[in-house]
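First the structure, in the form of C-alpha cells, and then the observations on it.
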Amino acid sequence: MLDLTGHSSLPKRHITPVNTPAVTGPTLAELQAHVATRIDISTKTQDRYLSAIERVGALLNTPLAMIPAKLTLVEDRFPLTGFNPDYWSTDAAYTLFRRRLQAALKEFLGVHAEAARLRAMDDDWTWLCAAVEPLTKGKLGQGQSQWHPMKLAALKTFALVARAQGWQPRDLDLARARQLDEMYIGNKREANRRALTRLDDLRGFPELMPWLPPRPIGFSSQARVPLLAPLAPPWEHQICTWVDAVTKSGWDPVTKSYSDDHKGHAHVMRSALRTTLRITVGQGLLVSGVEDLRPLLADDEAICAIAGEMFGRRLRSKRDGHLEPRTARKYLKALNQLRAHLGIDTTLLDQVLANNKDARKGKKDDERMTPKNRAFCESLIDKRPIRKRFLTSFEVLRTEAELPMERAGLEQRELTGHERARVRMLGSCACFAAIEIGGAPIRVDNAMQLTCVGEDAQIRIPTSWKKPIKVLIPAEATKNKVEIEFPIRANAYGCHDTILWYCRVIRPMFPHAATSPYLFPAVTVPGAPLNADYFGAEFSALMRTVVNLPMTPHQMRHGQTSLLLDKYPNEIEVIAKRIDDRPGTLRQFYGWISALKLVERGQDLLVGLMDD
C-alpha cells in the first residue's frame, strides 16, 4: 500500500533492509533514468533530484542498481534526525537533500498520483472539511476564530490516510483507530493520533455532527496499541520482585530504604527479563496462565533458544527488536545472575557466554567505545569547524535564546507561550553546556539534580561576577561514589557569564522557580527538577538544529576527553580526574586515539625509509 506522506504504511514487521543481497522491484538506477527523462520539472530541479540520488550511492558506498527504490529508504537510512556534519554543513542542508530524494521517489512510485486521486474525491471528508473551514476564519485569540487553520490542514492530510483505507468519517471507531496505530510508526503515527483526537474535539460544534462518527472514537493514550505488548501482571510482579532482591541491599531501618540501590543495573535486568518472556511467548515456550516463571528459567533448552533468538536479532531493524551483540550478552548475563540467585545451575549459560561467537563479539564491543561515539569523537579531532561548534555551543544556544526576547522588546510585548518555552529550553541547554565546558563534564542526571538553594547547595552562584561558581556533588549522588568538586572561573570565553545569565534571566521563567531548590526546575511539578530524559532529548534536538552538531549530553564527556587525550596524551591522570573516571578506563575506551597516532607514526617512518 502506498503511503501518501513518505512513510511506509506496511506493518512494522515487513520492512526490507537496504542491504538485501537480491534486489527485487525498481532500483535507484531506474529512478535516476526516470528523473533524467522527466519533462514536467525544470532543468534546475531535475539536476537537484539527480544529485540527491547520486549522493545516496556515494553515502551508502553501493551502486545505484543495488539499492531498492522504496520510500523506506528515506525513513531507514535518512531519518529526520539523521543529520551528520561529516557530510552536510547544516541540518537544513541535510533536510533539503532528504526532501529532494523523497520527492523524486514519491513521483516515481506513484504516490503523488495516488494522493491527487484521493484529494480529488468528493465525499464526506470533503463536506466535513468544508464545514470546518468557516471555524478557522478570523484572528486567533480574539473570539473570531474557533479552530486553528493548521488543525484543518492536518485533518485534510488525515483524510487521505482514511480514504486510502476506504473509510469515511462516520466509519471511524476505536477498533479502526487501533488498526491505523499498528500500521504506522514515528511522526506519521503521532499525526494520526492527533487527528483522531481532534475529530472528537469537533463534536463540540453541533453543526458538524452529521459528518462525524456516531460515537466518540475515544482514542486516548490508554487506548493506543503499545509498541510492546504488556506482560501478564503475575509475570511483571515476579520479575520486579526478583530484580529488587538482586539489585537492592543494605536495608537501613532508620531511613526505611536500601543504602545500596543499583538502579541502572535494575533497569537492565528488567529489560532482559521482559525481552526473555516476549521471546518465549513468541516461540510457544510460555503460555498464558502460567504464574511461576522458575521452571522456564531452569529449562536449559529454553535458555539456549532464548540466547539464539537474542543473538539472531542483530540482523533485524530497530523497529523489529534489533539487539546488538553487546546488549544481547548483557541481557544473558543478567538472566544468568538471576538464575544464580534462584539457585539454578548456571553452567550452560556460562558456556554460551564464554564460547558463542556473538557473545565474544559482544564482550569485545563492551570493552570499547561504540562506533557512533567514536565517529563523533573522530569528527571533533579531525575537523576544526566541528570542534569549534562543540566548544562554543553554549554561546550559540544563548544567542538563539536572546533573539526572541530582543524581538519582543522591540515590539513592546510579552513573550508568547511558545516563545517562552523555547527560550527556557535554549537557556537551560546553554547553561548545561557552559557547566560542562567551563567546569567539568558531569552526567546529565547529576546536572538536573544540582541544587542552588540552601547551605548544602551543590552549585553556589556568587553575587559578584568576578567570584568563581563552585560545584560540589556528594559521593552518594555520583555513579562512581566519588565526590565531584570543581570551580567555574570567570574568563574571556563566557562560560561563567552564561551561567550567571541563566540564573538571572532564564531560570525565573520557570513557573515554580521561586520555590524550587534546583538549578533546573521542572516546568509542571512544583519542587521537582527538570526530567533528565526530557532534557536530554531537547538538548540533542537543539544541538542538531541550532548548533548544527548532533550529539547527546553524554557525548560532552566523550568529546572533551577525546580532544584532551589527543592534545595532551601524557596528562591522562588529570583528564581522568576531570571526568570523574579512572585512568585505566580512559586507556581502555580511548585507546584508539593513541593507536591511530602509532599507526601514523609507523607510516611516517616508512616514508622516511623511502626518502633515504
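Numbers here are sequence positions counted from 1. The figures here come from the full heavy-atom set of this structure, side chains too, leaving out hydrogens, waters and symmetry mates.
Between Phe78 and Phe97, the gap from one ring centroid to the other is short of 6.0 Å. Checked against the 6.0 Å centroid criterion, the rings of Phe520 and Tyr502 qualify as a close aromatic pair.
Looking at heavy atoms from C-beta onward, Met66 lies out of side-chain contact with Leu60 at the 4.5 angstrom threshold. Within the 4.5 Å cutoff, the side chain of Trp88 has no heavy atoms near those of the Arg98 side chain.
Atom CE of Met448 is separated from atom CD1 of Ile442 by 8.0 Å, given to the nearest 0.5 angstrom. The distance from atom OG1 of Thr327 to atom NE2 of His322, rounded to the nearest 0.5 Å, is 7.5 Å. With values rounded to the nearest 0.5 angstrom, Met509 atom CE is found 5.5 Å from Leu415 atom CG. Distance check: Leu426 CG to Arg398 CZ gives 13.0 Å after rounding to the nearest 0.5 Å. Here the CG atom belonging to Leu472 is positioned 9.5 Å from the OG1 atom belonging to Thr451, to the nearest 0.5 angstrom. Put simply, CG on Asp358 and CZ on Arg314 are 4.0 Å apart, with the number rounded to the nearest 0.5 Å.
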For the pair Leu380 and Gln560, evaluate side-chain contact (heavy atoms from CB on, under 4.5 Å) and give the outcome as yes or no after the intermediate values.
-> CA-CA 9 Å; Leu380 290 182; Gln560 290 187 43; over 6 Å; no
Kindly indicate, with the supporting measurements, whether the criterion side-chain contact (heavy atoms from CB on, under 4.5 Å) is fulfilled by Met269 and Asp244.
-> CA-CA 10 Å; Met269 288 196 76; Asp244 285 348; over 6 Å; no
Check the pair Asp580 / Arg443 against side-chain contact (heavy atoms from CB on, under 4.5 Å), numbers first and verdict last.
-> CA-CA 10 Å; Asp580 181 35; Arg443 291 176 171 84; 4.0 Å; yes
Please assess Asp86 against Ile386 for the test side-chain contact (heavy atoms from CB on, under 4.5 Å), listing each intermediate value before the final yes or no.
-> CA-CA 9 Å; Asp86 286 341; Ile386 295 178; 3.8 Å; yes
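Scanning all heavy atoms of the two residues, the minimum distance from Ser271 to Tyr331 falls at CB-OH, 3.5 Å. Heavy-atom minimum distance, Leu332 versus Ala307: CD1-CB, 3.8 Å. The two residues Ser516 and Pro521 have their closest heavy-atom pair at OG-CB, 3.5 Å.
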